[in-house]
Amino acid sequence: MRPEKPAAAADHVDADHIAEAARLERTAGLYPEDAEHLLLQAAAHLELAGARDRATTLYDRLLSADAERPPAAPLLIRALKASNLWEYGHEAEARAIIEGVRTAAPRDPAPWVIVAESLESHDELEQAHAAFTEAATLLVPAGTQNPPHATHPILFGRHRVRRMLGADHDAWDALADRVSTSPVPLDELHDPKRTWSLGSENPAELRAEITRLQAELGSYRQALSRPFPVAILHWPEPELTELLTAYPPLTAEYPSHEEHLATIESSLRELSASGTPNLGIVTGTVPSYEAFAASESTSPANPTLLPQYATTLAARGRAVAWPPEGAEGCWCGSGAAYEACHGGNSTT
């Protein structure tokens with residue numbers, strides 16, 4: 001068996017999470033428009049540190065009627081709060097919140113995944129299956145061939161629970177198999193008997209289990225990789241005109257708006273081709289950029305400030321994932337579908 005982590009090492013990790021949560025709370029105070037995103041990250045760090053009561057306080061702060069801004073994703077916050085509460089003994093309250101989230105039938109997949117996985121982790125498999133199925137019925141209608149990426153965890157979670165329940169494959173399970181990118185079939189990854197092979201003395205069985213574990217770890221790493229994308233800065237045409245009028249030295253960076261847009265798309269395609277994950281686009285505004293320059297005690301005309309500004313916007317949750325689905329609106333704001341605009345002839 002693997003030796004237990006030394007207490008000193010565990011304390012060090014917990015302290016790191018506490019410190020990061022405190023940093024995120026301070027940043028939320030500086031950027032109230034991004035407070036929800038930042039405080040949710042802070043709450044996650046507090047949960048990892050075992051400070052679950054403090055995490056609940058942050059969730060309550062976001063949901064409070066006295067909050068500076070109404071939450072953009074109240075059902076997601078409630079789902080996270082319920083999951084956290086159940087982990088430190090407040091089962092009845094957690095169940096009541098979960099039932100409320102399910103009744104509200106959110107159109108965002110994330111709350112469904114949180115509540116269903118919370119039920120699953122506490123061996124409420126029938127209820128977890130019911131929650132995953134409710135979500136699939138609402139968000140992945142029968143006959144869907146290319147479900148949005150955000151709904152994949154619903155399909156995978158439902159497949160996993162059904163394997164544990166011994167249910168036969170249905171259309172949603174087949175769809176989950178088809179959209180899965182894991183090198184190991186879902187039936188193997190979700191086999192409830194797979195842990196028995198860990199006690200086997202057969203080298204072939206052990207190697208097969210190691211392969212499955214590596215594939216599963218890869219999926220988790222992909223889901224939990226960077227909290228924000230590698231982001232490219234986009235200026236809408238009116239903003240770029242204002243920027244170059246105020247700071248002419250930046251004209252060398254942006255010869256024209258058309259070239260600016262083309263450079264964004266080509267840069268993202270190159271990054272994608274090189275294997276860089278989690279790509280995104282952040283949209284700048286001149287007032288925001290000037291405020292950022294002031295916080296860095298430098299001139300907005302300094303071109304080296306531009307990538308720092310992009311990274312800061314991404315860290316504040318302002319990035320939009322790239323590429324959009326083909327039929328979605330293009331990131332450039334033209335109003336045309338991405339596949340008919342900058343996504344035309346895309347090789348990504």
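Everything quoted here is computed from the prediction, not taken from an experiment.
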Is there a donor-acceptor pair closer than 3.5 Å between any side-chain N or O of [X] and the backbone N or O of [Y]?
| X | Y | value |
| --- | --- | --- |
| S266 | T263 | yes |
| Y338 | W331 | no |
| T311 | P307 | yes |
| S288 | T285 | no |
| T144 | N146 | no |
| E47 | A55 | no |
| S64 | D60 | no |

Is the closest side-chain donor-acceptor distance between [X] and [Y] under 3.5 Å?
| X | Y | result |
| --- | --- | --- |
| T133 | R158 | yes |
| E290 | Y247 | yes |
| E117 | H122 | no |
| H37 | Q41 | yes |
| R95 | Q127 | no |

What is the distance from atom SG of C332 to atom NE2 of H257, rounded to the nearest 0.5 Å?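 Interatomic distance, C332 SG to H257 NE2, rounded to 0.5 Å: 8.0 Å.
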
Quick test of your reading of the model: are R69 and E36 salt-bridged, counting only N-O distances below 4.0 Å? no

Provide the full list of ring pair (Phe, Tyr, Trp, His ring centres under 6.0 Å) pairs with a residue in residues 157-181, sequence neighbours left out, each pair given once. H159-H169, H159-H190

Just one of R160, R163, R162 clears the salt bridge (charged side-chain N to carboxylate O under 4.0 Å, His left out) bar with D173, so which one?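 Single salt bridge (charged side-chain N to carboxylate O under 4.0 Å, His left out) partner of D173 among R160, R163, R162: R162.
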
Would you please test E265 and W322 for side chain to side chain donor-acceptor pair (under 3.5 Å) and show each step? CA-CA 9 Å; E265 182 70 22; W322 179 93; 3.3 Å; yes

